[in-house]
Amino acid sequence: MPENNKSNDKPLNFIEKIITNDLAKGAVNKITTRFPPEPNGYLHIGHAKSICLNFGLAKQFGGTCHLRFDDTNPAKEEVEYVDSIKEDIHWLGFEWDGEVRFTSDYFDQLYDWAIFLIKENKAYVCDLNQEEMRQYRGNLTQAGQDSPYRSRSVEENLALFEKMRLGELEEGACSLRVKIDMSHPNMQMRDPVIYRIKKMAHHQTGDKWCIYPSYDYAHGQGDAIEGISHSICTLEFEEHRPVYDWFINNLPVPSTPHQYEFSRLNVNYTITSKRKLKLLVDEKHVDGWDDPRLPTISGMRRRGFTPKSIRQFCDMAGVTRVDGVVDVSMLEYAIRNDLNENAQRAMCVLHPLKVILTNYPDDKKEQMIAPSHPNRDDLGTRTLPFSREILIDQDDFREVANKKYKRLVIGKRVRLRNSYIIEADAAIKDDDGNIIEVHARIIEDTVGKNPADGIKAKGVIHWVCATDHIDCEVRLYDRLFTEEAPDAAGKDFLDSINPNSLEVLTGCKGEIGLKNATVKDHYQFEREGYFILDTKYSSDERKIFNRTIGLRDTWERKA
RNA sequence: UGGGACGUCGUCAAGUGGUAAGACACUAGAUUUUGAUUCUAGCAUUCGCAGGUUCGAGUCCUGCCGUCCCAGCCA
């Protein structure tokens, strides 16, 4: 019996039920799924759901999952994408069974089966051009008309198809179509094209072909060749299923796969249309496919998302046939949940303000010991140099404030995280009235304990030694779109791009230990959020931290 | 106005005739050297609407309404 690796009490989704049933009644002994991306763009969060589903199902039911590039259209595909897709799948934590497969591996077989269909008098070469074909196809409410070329003889079709293959006919001059039913209410069944002439090199097969099979023809046969038992795709392919089944029923294929559709993942305030993502990249609205604001896997990776958080998010979103839009807060929950548990803590001051501790000796320096994680001793401790001058965040000091403000205020006390409690005495200003420095005093003997006088601090703020720290740049990201549904019909998604989606902070000061940060280390900068070194632009000389996600904030930090 | 699919809390989502799981979000309170985490409590008399069948309906039937998909030699 297959083992269910998911949390015991979670109800099965409809595909899991189908599989459980197929296994129970012996329709299949072992399941085989596949993830079939077209290498024409980078993977995004929507693909992650499909990856988690297909690879997850195989693992859950003791089956296997293939990676097959659906590369039937050389005009749109590139190896660059093949490479990034493989990398992203691995990064997400999945491994495909056997070698990477390509639909183009089956071009010979597909071609032979096309000949077979012609000989069966089920396929014909059609000379209609695109405009004519559209007219003959009819429309949603009107039946189509048979192509005048539909009744060509087998011999003529064979000869013509051979000329197509040999490159003796121009692109668009004709196509090979299958004879189904031009008056079928399902438009997909009105004699779909299965081969078209494209005189271009293919990234896998080179110059071997100048005719290429269409998705409808190639996909199901690829599944059948690989012995895919459950071919899972998204809802928009639903009306293609009869076509899929037609080929399986009319060709001598080695197995009979079945297609199942689920609704694609949509997340509000973002877009998951490959075409639109490509536009954002091509028109430089963002910094490449791996821009941290993009929902691409590479962008999310650079942003600091973990594979585990993405998997959890996909699991939380569920698998159904209902089209809906998942709230980004669910994604944010998933990443915070992982990082809260696993990210080491550090302090980093984003908008530095100098504080002089007037009662602390000029020549004194202490080394404060702080845990790397509040409730995980296994992560060890770190050392924080402390001296007379420290830096705190400008937002953490006010000359006067109401009682709801729990930070440093003149005449009031605040706890320096992992250090002393201090009390502010004065704010030093420049000629324009800007606070440039704060004078304060430490309360003696308050490291790790409350003051002897019983007057406790109201809050806790983070800080960094004014002399012993690292300089860094911090990049804060906000949602790329201001509209909940930038993709909605009737509007241009470019109009809702958030002009403030990236805020670059320079002159930030991080605790000294951060000098050893690597691109693999996720940090929680206490009271600020989760950060990770930017893989693209950060260097030893210029450290750049990306904010993955801020801490949950129930207080309104923005005054 | 053709065909197909889908409509359960703000958002995902269980439920398959026996009297509305769970998660996110949100609200209130407790703990807290992160206004974080954790914890505790609250959050659909109601399942798109209207009829019907039934002792009993989110679940069955009928009608209606709404949303999405399909007229590429894209996938």
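Please read these numbers as outputs of a predicted model, since none were measured by experiment. All values below come from the heavy atoms of this structure, side chains included, with hydrogens, waters and symmetry mates left out. Each chain gets a letter, A, B and so on, in the order the sequences are listed, and its residues count up from 1.
Relative orientation of the A:Y215 and A:F237 rings is tilted, given thresholds of 30° and 60° on the angle between their planes.
Within the structure, every side-chain polar atom (N or O) of A:K403 is placed at least 4.0 Å from both OP1 and OP2 of B:G35. Using a 4.0 Å cut-off, no side-chain N or O of A:R527 falls inside it from OP1 or OP2 of B:A36.
Shown here, B:G63 is classed anti by the O4'-C1'-N9-C4 or O4'-C1'-N1-C2 angle, which is more than 90° from 0.
Side-chain contact between A:H203 and A:V82 is present, with heavy atoms from C-beta onward closer than 4.5 Å. No side-chain heavy atom of A:L339 sits under 4.5 Å from any side-chain heavy atom of A:K308.
Rounded to whole Å, the separation between the P atoms of B:U31 and B:A36 comes to 14 Å. The separation of B:U38 from B:C24, taken at their P atoms, amounts to 9 Å, rounded to a whole angstrom. Using P as the reference atom, B:G63 and B:C26 are 44 Å apart when rounded to the nearest Å. Look at the P atom in both B:A28 and B:A21: the space between them is 25 Å, to the nearest Å. For B:U16 and B:G10, the P atoms lie 23 Å apart once the distance is rounded to whole Å.
Annotation: cation-pi geometry not satisfied between A:R152 and A:Y124 (NZ/CZ under 6.0 angstrom from ring centroid, within 45° of ring axis).
Residue side chain A:W555 meets the stacking definition with respect to B:G35: its ring centre sits within less than 5.5 angstrom of the base's six-membered ring centre, and the planes differ by less than 30 degrees.
Checked by atom type and distance alone, the side chain of A:T446 pairs as donor or acceptor with a backbone atom of A:I443 at under 3.5 Å. A donor-acceptor pair is defined here as one N or O able to donate and one able to accept, closer than 3.5 Å; no such pair exists between the side chain of A:N157 and the backbone of A:I118.
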In the 5'-to-3' direction, what one-character label does each nucleotide of nucleotides 19-32 of chain B receive under the scheme B = base within less than 4.0 Å of a protein heavy atom, S = sugar-phosphate only, - = no such atom? ----BSSS------
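Other residues, nucleotides and ligands contribute over 12 non-hydrogen atoms within 6.0 Å of the NZ atom of A:K274.
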Which is it for A:Y212 and A:I197 under the side-chain contact (heavy atoms from CB on, under 4.5 Å) test, yes or no, and what are the steps along the way? CA-CA 6 Å; A:Y212 292 94; A:I197 300 169; over 6 Å; no
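Both A:T320 and A:D216 lie near RNA chain B, and the one whose nearest nucleotide falls closer to the 5' end is A:T320.
RNA chain B lies under 4.0 Å from at least one heavy atom of each of the following residues of residues 182-200 of chain A: A:P185, A:M187, A:Q188, A:V193, A:R196, A:K198.
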